[in-house]
A.B. asks: 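Before anything else, here's the structure in question.
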Amino acid sequence: MLHRIDNTTSSLPAEEVQELRRLLSGVAAGSQDDLAELYRRTRTAVYGLALSYLRNAHDAQDLTQDVFVHIWDTAGQYRPTGSPVGWILAVCRNLCLMHLRRESRQVTMEDQEWHAIPDNCPGLDSQERLLLQDALAVLGEEERRIVLLHTAGLKHREIGQALGLPLATVLSKYHRALKKMRAYMEGDDAR
């Protein structure tokens, strides 16, 4: 499992980026089929980011739906020169922050909430998912978001865009998180 997380060169293939751009263009033109396909391809990353901000599986599911409703309404604002996933996650991040401001509260995430990570997380079987959840528990909130988004297939640059962080910060927090997770898995206490 760690080889999947430690693969810093993983990114979406150029064909996938082009397809996401095409889907966003179709959504802007009013295609519900393109919205459904966009949802299918990006919902795991959107849900993971929403869960990391809201720390409540039910709220994260609701907000994930809100993200795609918002995309339906604003897809025409996307410019194809930018990352489609970065734009989608920026929408998610903004809606999460608005939700948190509305709620005016910080909630703590229960360990069982991490088990709500969607079953279709790319490249992980159930045993790897449990191991990942245990290892994620030793990380700080921002480190956990970065690792989850990278595990969902996002490039570090896209994670920085989604979280509003400089690339250097994302990289350093990601590598620090990997060290903590490795230490945990090897039985050392790196908290």
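Side-chain atoms are counted along with the backbone in the values below, which use heavy atoms only and exclude waters and symmetry mates. Just so you know, residue 1 is the first one in the sequence shown, and it goes up from there.
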A.B. asks: Identify the two heavy atoms, one from Ala28 and one from Ala75, that lie closest to each other, and give their separation to 0.1 Å.
C.D. replies: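 Closest pair (atom of Ala28, atom of Ala75, distance): N-CB, 3.6 Å.
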A.B. asks: Going through the checks in order, is the salt bridge (Lys or Arg N to Asp or Glu O under 4.0 Å) test met by Glu37 and Arg40?
C.D. replies: CA-CA 5 Å; Glu37 182 62 18; Arg40 187 188 70 73; 2.7 Å; yes
A.B. asks: Out of curiosity, Met181 CE to Arg144 CZ, how far, rounded to the nearest 0.5 Å?
C.D. replies: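 Atom-to-atom, Met181:CE and Arg144:CZ are 10.5 Å apart.
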A.B. asks: Measure the spacing between CG of Asn94 and NE2 of His99 and express it to the nearest 0.5 Å.
C.D. replies: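 Answer for the CG-NE2 pair, Asn94 versus His99, is 14.5 Å.
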A.B. asks: Run the numbers on Tyr39 and Gln65 for side chain to side chain contact (heavy atoms under 4.5 Å, CB included), then give the verdict.
C.D. replies: CA-CA 9 Å; Tyr39 174 81; Gln65 298 303 315; 3.2 Å; yes
A.B. asks: Verify, without hydrogens or angle tests, whether Ser25 (side chain) and Arg21 (backbone) share a donor-acceptor contact under 3.5 angstrom.
C.D. replies: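 Looks like no, no N/O pair under 3.5 Å.
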A.B. asks: Determine the minimum heavy-atom distance between Gly140 and Lys180, stating which atoms define it.
C.D. replies: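 That closest heavy-atom pairing would be N-NZ, 4.4 Å.
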A.B. asks: Under a 4.5 Å cut-off applied to non-hydrogen side-chain atoms, are Leu163 and Leu49 in contact?
C.D. replies: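 When only atoms from C-beta onward are counted, Leu49 and Leu163 do touch, with a gap below 4.5 Å.
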A.B. asks: Give a yes or no on whether the backbone of Ala60 and the side-chain of Thr64 come within a donor-acceptor separation of less than 3.5 Å.
C.D. replies: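 Side chain of Thr64 to backbone of Ala60, a donor-acceptor pair under 3.5 Å: yes, one is there.
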A.B. asks: Atom CG of Leu20 and atom CD of Glu15: how far apart are they, to the nearest 0.5 Å?
C.D. replies: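 Going from the CG atom of Leu20 to the CD atom of Glu15 covers 11.5 Å.
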A.B. asks: Less than 4.5 Å apart, any side-chain heavy atom of Thr74 and any of Gln77?
C.D. replies: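 Touching, per the 4.5 Å side-chain cut-off.
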A.B. asks: Does any part of the side chain of Trp87, heavy atoms only, come nearer than 4.5 Å to the side chain of Ile71, both counted from C-beta?
C.D. replies: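 The answer is yes, as the side chains (C-beta and beyond) meet within the 4.5 Å cut-off.
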A.B. asks: Could you go through Leu63 and Tyr47, starting from their C-alpha distance and side-chain angles, then the distance that decides it, and tell me whether this counts as side chain to side chain contact (heavy atoms under 4.5 Å, CB included)?
C.D. replies: CA-CA 8 Å; Leu63 194 117; Tyr47 175 80; over 6 Å; no
A.B. asks: Report the C-alpha distance between Ile159 and Leu165 in whole Å, list the side-chain angles of each, state the deciding distance to 0.1 Å, and finish with yes or no for side chain to side chain contact (heavy atoms under 4.5 Å, CB included).
C.D. replies: CA-CA 8 Å; Ile159 294 169; Leu165 297 171; over 6 Å; no
A.B. asks: At their closest point, which heavy atom of Glu143 faces which heavy atom of Ala177, and how far apart are they?
C.D. replies: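 Shortest heavy-atom separation between Glu143 and Ala177 comes out as CB-CB, 3.9 Å.
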A.B. asks: Distance from Arg79 atom CZ to Leu24 atom CG, nearest 0.5 Å?
C.D. replies: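 Reported value, rounded in 0.5 Å steps: 11.5 Å.
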A.B. asks: Could you check if a side-chain atom of Leu139 sits within less than 4.5 angstrom of a side-chain atom of Arg176, using non-hydrogen atoms only?
C.D. replies: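 With C-beta onward as the side chain, the pair stays apart.
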A.B. asks: Report yes if the side chains of Ser83 and Val17 come closer than 4.5 Å at any heavy-atom pair, otherwise no.
C.D. replies: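 Not touching, per the 4.5 Å side-chain cut-off.
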A.B. asks: Hey, mind stepping through Gln61 and Leu51 against side chain to side chain contact (heavy atoms under 4.5 Å, CB included) and telling me if it holds?
C.D. replies: CA-CA 8 Å; Gln61 290 168 352; Leu51 182 62; over 6 Å; no
A.B. asks: Does Lys155 offer a backbone N or O that forms a donor-acceptor pair with the side chain of Glu158 under 3.5 Å?
C.D. replies: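 The answer is yes, because a donor-acceptor pair under 3.5 Å joins these two groups.
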A.B. asks: My understanding is that only one of Leu89, Val91, Leu95, Leu97 makes a side-chain contact (heavy atoms from CB on, under 4.5 Å) with Arg93; could you say which?
C.D. replies: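 Testing each of Leu89, Val91, Leu95, Leu97 against Arg93, the sole residue satisfying side-chain contact (heavy atoms from CB on, under 4.5 Å) is Leu97.
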A.B. asks: Within this structure, what is the NE2-OG1 distance for the pair His156 and Thr169, rounded to the nearest 0.5 Å?
C.D. replies: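 Reported to 0.5 Å precision, the distance equals 12.5 Å.
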A.B. asks: Do Val69 and Tyr78 land in one hydrophobic cluster if side-chain heavy atoms of ILVMFWY residues count as linked below 4.5 Å?
C.D. replies: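 Cluster IDs for Val69 and Tyr78 differ.
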A.B. asks: If you measure only the distance, is there a donor-acceptor pair under 3.5 Å linking the side chains of Glu141 and Tyr53?
C.D. replies: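 Per modelled atom types, Glu141 and Tyr53 side chains form no pair under 3.5 Å.
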A.B. asks: Would you compute the distance between atom CD of Gln32 and atom CG of Leu38 and round it to the nearest 0.5 angstrom?
C.D. replies: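 The CG atom of Leu38 is 13.5 Å from CD of Gln32, to the nearest 0.5 Å.
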